[in-house]
Participant: 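Sharing a structure with you now.
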Amino acid sequence: MCGIIGYIGNKPATPVLVQGLRRLEYRGYDSSGVALLQDGAITRVRSVGKIDNLAEKLKGQEFSATSGIAHTRWATHGGVTEENAHPHAALGGKLVLVHNGIMENYREIKEELQKEGVECVSQTDTEVLAHLIGKYYAGNLRSAVQKALERVHGTYGIVAMHLDEPERLVAARMGSPIVVGGQEDEYYIASDATPILPYTKKVIFLADGEIADVSRNGIEICTLTNKPVEKKVEELDWDENQAQLQGFPHFMLKEIFDQPQVFQDAIRGRYDLADGTARLGGLNMNEEQMRSINRVIFIACGTASYAGMVGKYAFERLAGIPAEVDVASEFRYRDPIIDDKTLVFVISQSGETADTLAALREAKRKGAFVRGIVNVVGSTIAREAEGGTYIHAGPELAVASTKAYTNMVAVMMLYALQFGRARRVSHATGVRLLEAMREIPEKMKQILAEVDTIKAMAEKYKDYQDMLFLGRGINYPVALEGSLKLKEISYIHSEAYPGGEMKHGAIALLSPDFPVLAIMTKNSLYDKMRSNIEEVKARGAKIILVATVGDERAKELSDDVIFVPPTMELLEPLINTIALQLFAYHVAVLLGKDVDRPRNLAKSVTVE
Ligand code: AGP
């Protein structure tokens, strides 16, 4: 949950490292630091708070260094202090280290090192690792790192640098992502590709247990036991511009407005309108295997799990296969009943979420078909799943996920259609669904055009301390997602309930101080939802409705209405969720919250 970066080349290292940290800040942002190798010394500069504070500290200091390492932190061990900020040092400052992950056995190692006279100045596990590498250092940084890591239990993505080997950076990975890239005599190491994109699109993703020995002459990859490893160089199709704000005040709003375009990227070339079906090559299953599937499980965390709930409805409705959703951190410990007729989809934007990764491995161990629905190319989940589909949402930098959710839903709709057409969906239904999907981008634009109306509504409701979201059927996961968005960026307490379930408890919460936002669009559950809204109105709660354009009754029933264009019931989450994303965004902005970097959260949760 931290961001690490290393650079060795001919350019001044400081701006490369600081710019890189800014691109990684969404991974963690409570403190940061750099270590620069120049004039026969290693200089460390660290600071608490955002990268701006570090940049302020570096201002006015001349650094000629052309190699260095840097880190932005999301604290796990030790408070948020400058002492605990990375890079950590050993051997009197000659060896420095940045680390993303958790060293589980650091206490035992620390005691051992203290008995040998080592003094730790911070409370972190990482400093212990730096001293452990120092213990084994005998002039060769790579073998010192290898010896030390053989003793480490836990997860890590690290970059180490030693004063006596100025031509070298050594990186290693176990559980936390490491990407290396570069050409000629300029090389970069980072937690993900975004900081490297401005310099090269050619990258190598390290796998668990691999080490990258990087110098100005190139990159050598080997194992912890020093066996050379041949690695595939991936060519990323992201352009740097995609990782910029493009005039929007926040990445979250930019990514909400990216959705009409990225939705098309998600479905392009993956369906056959004439045949009324979908063709997702990554499925990696033949017709017989597809027919053998008698259960589908969607496993994910947070927003990705709510996308999975939409996938469940789609698979049951289109493919007629029993489907369920499991939160990854529960799945791995409940001893799930799984067999070789179970298809498990693991869904993840980052592709690095530890709980989802562990659930993937558990499902594989139990013999299920495991397929990934992932955004980050080359990420661990993508590589460990036995096939799957990239959602092509492009870099998602805001911590609150928006466009990735939409593209996850798009891909699951196509999978459900592919299975459905192989089982029970008629050609006509397939064509109707695909035509409706092709209209989605225009309908998304219609809601985005309502941004000012939604902003005005946010102004009206921003000061309430509580909110209840209601949805029925396929709009229940939409209510869950809307509630999560509001919670995670505005810190307002909100709950989401299936409309019909409200009267079994949550209705007790209702009062004029507890507004309700409900999705009451024109679909098979419209009448049921309307009676639930009547129940809410009877308790005097303020009501915001998401309703279908032209639904005059919605105005009578509510205090405020967000009108959305109609579409097929199954596809409504692709439309309705955007209204809730915009509502949450504007409430948080109006409350002066740091929308892209909400407190206590991180974009990629790489520890359990
Ligand atoms: C969503 O806005 C949050 N950032 C969080 O719930 C997220 O969806 C969850 O951590 C899963 O992340 P992943 O998709 O990268 O696996």
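In this chain, residues are counted from 1 in sequence order. For ligands, and for the atoms within them, numbers begin at 1 and follow the listed sequence.
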Participant: Check this for me - ligand 1, S348, N or O atoms closer than 3.5 angstrom, yes or no?
Facilitator: yes
Participant: Tell me which protein heavy atom sits closest to atom 4 (N) of ligand 1, plus the residue, atom name and distance to 0.1 Å.
Facilitator: V399 O, 2.8 Å
Participant: Using the side-chain hydrogen bond (donor to acceptor under 3.5 Å, both in side chains) rule, pick out the option among Q581, E396, E255 that qualifies with S401.
Facilitator: E396
Participant: Taking salt bridge (charged side-chain N to carboxylate O under 4.0 Å, His left out) as the definition, give me every residue that meets it alongside E495, ordered by chain and number, with sequence neighbours left out.
Facilitator: none
Participant: Starting from atom 1 (C) of ligand 1, locate the nearest protein heavy atom and write down its residue, its atom name and how far away it is, to 0.1 Å.
Facilitator: T303 OG1, 3.2 Å
Participant: Below 4.5 Å, heavy atoms only, C-beta onward: do H392 and R270 meet side chain to side chain?
Facilitator: yes
Participant: Give the residue, atom name and distance (to 0.1 Å) of the protein heavy atom nearest atom 14 (O) of ligand 1.
Facilitator: Q349 N, 2.7 Å
Participant: Using heavy-atom distances, let me know which of E352, E488, K603 sits nearest atom 2 (O) of ligand 1.
Facilitator: E488
Participant: Spell out, as yes or no, whether a donor-acceptor pair under 3.5 Å connects the side chain of D355 to the backbone of A328.
Facilitator: no
Participant: If you count the atoms of ligand 1 from 1 in the order shown, which ones are under 4.0 Å from a heavy atom of S401?
Facilitator: 1 (C), 2 (O)
Participant: Under a 4.0 angstrom heavy-atom cut-off, which atoms of ligand 1 come close to A400?
Facilitator: 2 (O)
Participant: To check your reading of the model: name the closest protein heavy atom to atom 6 (O) of ligand 1, its residue, and the distance in Å.
Facilitator: G302 CA, 3.3 Å
Participant: Is there a heavy atom of S604 sitting under 4.0 angstrom from any atom of ligand 1?
Facilitator: no
Participant: Counting from 1, what ligand 1 atoms have a heavy atom of A304 closer than 4.0 Å?
Facilitator: 8 (O), 14 (O)
Participant: Can you list the ligand 1 atoms lying under 4.0 Å from a non-hydrogen atom of S350?
Facilitator: 13 (P), 15 (O), 16 (O)
Participant: Do E352 and T380 pass the side chain to side chain donor-acceptor pair (under 3.5 Å) test, and can you show the C-alpha distance, the side-chain angles, and the key distance before you say yes or no?
Facilitator: CA-CA 6 Å; E352 302 296 349; T380 315; 2.5 Å; yes
Participant: If we ignore hydrogens and angles and just use 3.5 Å, is the side chain of Y156 paired with the main-chain N or O of A172 as donor and acceptor?
Facilitator: no
Participant: Which residue and non-hydrogen atom of the protein lie closest to atom 12 (O) of ligand 1, and at what distance in Å?
Facilitator: T353 OG1, 3.5 Å
Participant: Starting at CG of D258, measure out to NZ of K403 and round the result to the nearest 0.5 Å.
Facilitator: 4.0 Å
Participant: Quick check on side-chain contact (heavy atoms from CB on, under 4.5 Å): which of L448, L582, V595 does L253 satisfy it with?
Facilitator: L582
Participant: Any ring pair (Phe, Tyr, Trp, His ring centres under 6.0 Å) pairs touching residues 450-475, not counting sequence neighbours?
Facilitator: Y461-Y464
Participant: So which protein heavy atom does atom 10 (O) of ligand 1 come closest to, and at what separation?
Facilitator: V605 CG2, 4.0 Å
Participant: Which residue and non-hydrogen atom of the protein lie closest to atom 11 (C) of ligand 1, and at what distance in Å?
Facilitator: C301 O, 3.4 Å
